[in-house]
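Here is the naming used below: chain letters follow the sequence lines, and residue numbers restart at 1 for every chain.
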Amino acid sequence: KAGVTQTPRYLIKTRGQQVTLSCSPISGHRSVSWYQQTPGQGLQFLFEYFSETQRNKGNFPGRFSGRQFSNSRSEMNVSTLELGDSALYLCASSLDRGPNSPLHFGNGTRLTVT
Amino acid sequence: GQNIDQPTEMTATEGAIVQINCTYQTSGFNGLFWYQQHAGEAPTFLSYNVLDGLEEKGRFSSFLSRSKGYSYLLLKELQMKDSASYLCAVRDNQGGKLIFGQGTELSVKP
């Protein structure tokens, strides 16, 4: 079974631009979550989608948004990029929203903002 | 508030046993997860505890005490490939959201 796939793996953008990251969950998984990972802050929760609906949102500004499609694939968008948005963005999928459903992570998209 | 604490770094010797501690204070609790992350790679799921006690899975075991807000990950018969960051994460009451600690960087020396 294929794992979580994230594209692109690496991205370099300039301040003020916007970016869209893509995530394909494990086949059959319906919940998709996004996390930002930086050396200083560790893994920070961005949002969670289930059945095309946002179920949870972390403490990030409105410049960060996402969506989920009917096939469970998800995208996240960051507008008006800032230098501080440079990070590894990880997508994770789980079978459902049950408490004992572990998250399975993709390899991430490394975003560098210059 | 939400707070998860774990040591920043640990060093251990190949073949030995190491225990990585995690303490948490969260508004809700719906289980505790341990993940392993090698440099440049995705975090991979190691274990899940929701009830008090020890869960054993091969060389790895994880313990939970909900009354103390405390967990540990025990790694036995350490191998060089166990050098990685170990992340403690709590699932609060809100569905799929996990709150992560900063991670413990484990170095295994020959």
State whether the number of non-hydrogen atoms from other residues, nucleotides or ligands found under 6.0 Å of Asn59(A) atom CG is greater than 12. no
Quick one: salt bridge (charged side-chain N to carboxylate O under 4.0 Å, His left out) partners of Arg15(A), sequence neighbours excluded? none
Are Leu87(B) and Leu73(B) co-members of a hydrophobic cluster defined by side-chain heavy atoms under 4.5 Å apart? no
What part of Ile99(B) gets within 4.5 angstrom of chain A, counting heavy atoms only: side chain, backbone, both, or neither? neither
In the single-linkage hydrophobic clustering (I, L, V, M, F, W, Y; side-chain heavy atoms under 4.5 Å), do Ile20(B) and Phe63(B) co-cluster? no
Taking everything shown except Ile12(A) itself, do over 12 heavy atoms lie less than 6.0 Å from its CD1? no
My understanding is that only residues two or more places apart in sequence, or in another chain, count here; which of them pass side chain to side chain donor-acceptor pair (under 3.5 Å) with Thr11(B)? none
Applying a heavy-atom distance below 4.5 Å, give me the residues of residues 43-50 of chain B that approach chain A, sorted by number. Pro43(B), Phe45(B), Tyr48(B)
So with a 6.0 Å cut-off around CZ of Arg73(A), is the heavy-atom count from everything else above 12? yes
Out of curiosity, Leu103(A) CG to Leu98(B) CG, how far, rounded to the nearest 0.5 Å? 4.5 Å
Most contacts with chain B, counted as non-hydrogen pairs under 4.5 angstrom, among Asn107(A), Asn100(A), Leu90(A): Asn100(A)
Kindly give the heavy-atom pair with the smallest separation between Gln37(A) and Gln37(B), and that separation in Å. NE2-OE1, 2.9 Å
Need one label for Gln44(A): side chain, backbone, both or neither, based on atoms under 4.5 Å from any heavy atom in chain B. neither
Checking Arg91(B) side chain against Ser101(A) main chain: does a donor-acceptor pair fall under 3.5 Å? yes
Heavy atoms only: give me the nearest Gly106(A)-Ala42(B) pair and the separation to one decimal. O-CB, 2.9 Å
Who clusters with Tyr89(A)? Use side-chain heavy atoms, under 4.5 angstrom, across I, L, V, M, F, W and Y, and order the result by chain and number. Leu11(A), Val19(A), Leu21(A), Val32(A), Trp34(A), Leu46(A), Phe47(A), Tyr49(A), Phe60(A), Phe64(A), Met76(A), Val78(A), Leu81(A), Leu83(A), Leu111(A), Val113(A)
Take atom CD in Glu77(B); do more than 12 heavy atoms of anything else shown fall under 6.0 Å from it? no
